[in-house]
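Computation of the quantities below employed the complete heavy-atom set of this structure, encompassing side-chain atoms and omitting hydrogens, waters and symmetry-equivalent molecules.
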Amino acid sequence: VIAACCLGFVTATASSSPVVRDTTPRWVGTAINRLAKLAVKPAAPMTGYSRAKFGPAWQDVDRNHCNTRDDILKRDLRPFTLKPGSKCIVLSGDLHDPYTGKVIHFVRGAASTVVQIDHVVALAAAWRTGAADWRPHRRLFYANDPDVLLAVDGPANEQKSDGDASEWVAPQYTCRYVAQQIAIKKKYTLWVTAAEHDRVAQYLAGCSAP
């Protein structure tokens, strides 16, 4: 009886041990794996760069008869109001800004600095890491690709300017921001600089910590 008791006690104790699980979000693991596969090279010179090399701003590359800026406003503002009779023109809406965590009310015609459309990997940063060698139509598509774009707080976007992830990250969106940077660079076969690689790896290590 004692043996049975003790055996039962030992078994219960063993089975009650806590199970340690990996709590790293899957998208963080995906970003870490993608980062490991990106080429690491020095930044190319800015020779020949201009915004015009990426085509006219906000072209309707997906041919849905709406310009890209309105497409992104419709995607990122919640709720939003369209101009009567239009399926495209956003008159107003609320942006839950990923970069700062603020809620910003957008009104068309008000100061354009309030809400801006950001290229998460800036055009100049893309130029320095591979886009200088692209054909014009690829640069035009990049500049209007929804995967590259976010509606964000204007002052935060201006603070970022043309910086890469070694120079600036979104203060309230750091983990998702660097993961999106990596996803864009993978999609377009852009490389990272050594400083960019190391800083992004550091951020991702923090994202995967308990």
Side-chain angles (χ1 to χ4, degrees), residues 31 34-35 37-59 61 67-73 75-76 95 97-102 104 106 111-204 207:
R34 287 173 171 171
L35 177 63
K37 297 175 183 177
L38 292 179
V40 180
K41 298 194 290 185
M46 292 297 290
T47 306
Y49 170 77
S50 70
R51 173 62 180 83
K53 291 295 180 67
F54 288 82
W58 311 135
Q59 291 295 288
V61 296
N67 71 46
T68 299
R69 184 171 185 271
D70 279 317
D71 281 340
I72 300 304
L73 290 173
R75 185 194 68 185
D76 292 352
L95 173 68
D97 176 44
Y99 284 5
T100 65
K102 299 186 298 187
I104 304 170
F106 167 81
S112 61
T113 57
V114 176
V115 172
Q116 296 180 3
I117 308 302
D118 180 37
H119 294 90
V120 176
V121 175
L123 301 183
W127 184 272
R128 295 192 296 267
T129 56
D133 296 329
W134 293 350
R135 294 182 181 275
H137 73 275
R138 183 168 176 81
R139 289 199 289 262
L140 177 66
F141 186 86
Y142 178 88
N144 293 277
D145 183 354
D147 290 345
V148 177
L149 300 170
L150 283 176
V152 299
D153 173 66
N157 187 37
E158 291 169 2
Q159 183 183 47
K160 169 191 172 179
S161 186
D162 292 332
D164 63 28
S166 72
E167 301 167 302
W168 189 91
V169 296
Q172 299 297 319
Y173 193 62
T174 302
C175 292
R176 288 286 187 181
Y177 181 81
V178 295
Q180 189 170 354
Q181 288 247 342
I182 294 166
I184 292 166
K185 295 216 164 195
K186 177 183 181 295
K187 180 175 181 178
Y188 285 92
T189 322
L190 297 168
W191 69 79
V192 290
T193 66
E196 190 180 1
H197 175 278
D198 293 348
R199 184 62 62 86
V200 168
Q202 182 181 21
Y203 283 127
L204 289 173
C207 299

Per-pair distances, 0.1 Å, donor-acceptor, side chain in residues 40-59, under 3.5 Å, sequence neighbours excluded:
from: Ser50; atom 1: OG; to: Ala52; atom 2: N; distance (Å): 3.4
from: Arg51; atom 1: NH1; to: Gly55; atom 2: O; distance (Å): 2.9
from: Lys53; atom 1: NZ; to: Gly48; atom 2: O; distance (Å): 2.6

Report the residue from Tyr188, Trp127, Phe141 that forms a ring pair (Phe, Tyr, Trp, His ring centres under 6.0 Å) with Trp134.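 The option that passes is Tyr188.
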Are Lys185 and Arg34 close enough that some pair of their side-chain heavy atoms sits under 4.5 Å apart?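 With C-beta onward as the side chain, the pair stays apart.
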May I ask you to test the Val120-Tyr177 pair for a side-chain heavy-atom distance under 4.5 Å?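 In short, these two side chains touch, coming nearer than 4.5 Å.
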Assess whether side-chain contact (heavy atoms from CB on, under 4.5 Å) is satisfied between Thr68 and Leu149, documenting all intermediate values. CA-CA 9 Å; Thr68 299; Leu149 300 170; 3.5 Å; yes
Taking only residues two or more places apart in sequence or in another chain, which ones pass side chain to side chain donor-acceptor pair (under 3.5 Å) with Thr189?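 Listed in chain order: nothing, the list is empty.
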Could you work out, with side chain to side chain donor-acceptor pair (under 3.5 Å) as the rule, every residue matching Asp147, not counting sequence neighbours?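 If we apply the side chain to side chain donor-acceptor pair (under 3.5 Å) test to Asp147, skipping adjacent residues, the hits are Lys187.
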Spacing of Ile184 atom CD1 and Gln181 atom CD [to the nearest 0.5 Å]: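 Those atoms lie 6.5 Å apart.
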[X]: which residues meet the salt bridge (charged side-chain N to carboxylate O under 4.0 Å, His left out) condition with it, sequence neighbours left out?
{"X": "Asp153", "value": "Lys102"}
{"X": "Asp118", "value": "Lys160"}
{"X": "Asp70", "value": "Arg108"}

Tell me, please, which residues at least two apart from [X] pass side chain to side chain contact (heavy atoms under 4.5 Å, CB included).
{"X": "Ala195", "value": "Ser166, Thr193"}
{"X": "Ala126", "value": "Val121, Ala131, Tyr142, Leu190"}
{"X": "Arg75", "value": "Ile72, Pro146, Leu150"}

Return a table of donor-acceptor pairs under 3.5 angstrom between the side chains of residues 167-176 and protein atoms on other chains or two or more places apart.
from: Glu167; atom 1: OE1; to: Asp164; atom 2: N; distance (Å): 2.9
from: Trp168; atom 1: NE1; to: Gln159; atom 2: OE1; distance (Å): 3.2
from: Thr174; atom 1: OG1; to: Ala170; atom 2: O; distance (Å): 2.9

Of all the heavy-atom pairs spanning [X] and [Y], show the shortest one and how long it is.
{"X": "Ala151", "Y": "Leu95", "result": "O-CD1, 3.5 Å"}
{"X": "Asp162", "Y": "Ala122", "result": "CA-CB, 3.9 Å"}
{"X": "Val115", "Y": "Leu73", "result": "CG1-CD2, 4.1 Å"}

Enumerate the salt bridge (Lys or Arg N to Asp or Glu O under 4.0 Å) contacts for residues 120-143, please, sequence neighbours excluded, ordered by first and then second residue. none
Keeping to residues at least two apart or across chains, list the disulfide (SG to SG under 2.5 Å) pairs with something in residues 120-163.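 Those involving residues 120-163 do not exist here.
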Does any N or O in the side chain of His119 come within less than 3.5 Å of the main-chain N or O of Val148, such that one atom is a donor and the other an acceptor?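 Checking the backbone N and O of Val148 against the side chain of His119, no donor-acceptor pair under 3.5 Å is found.
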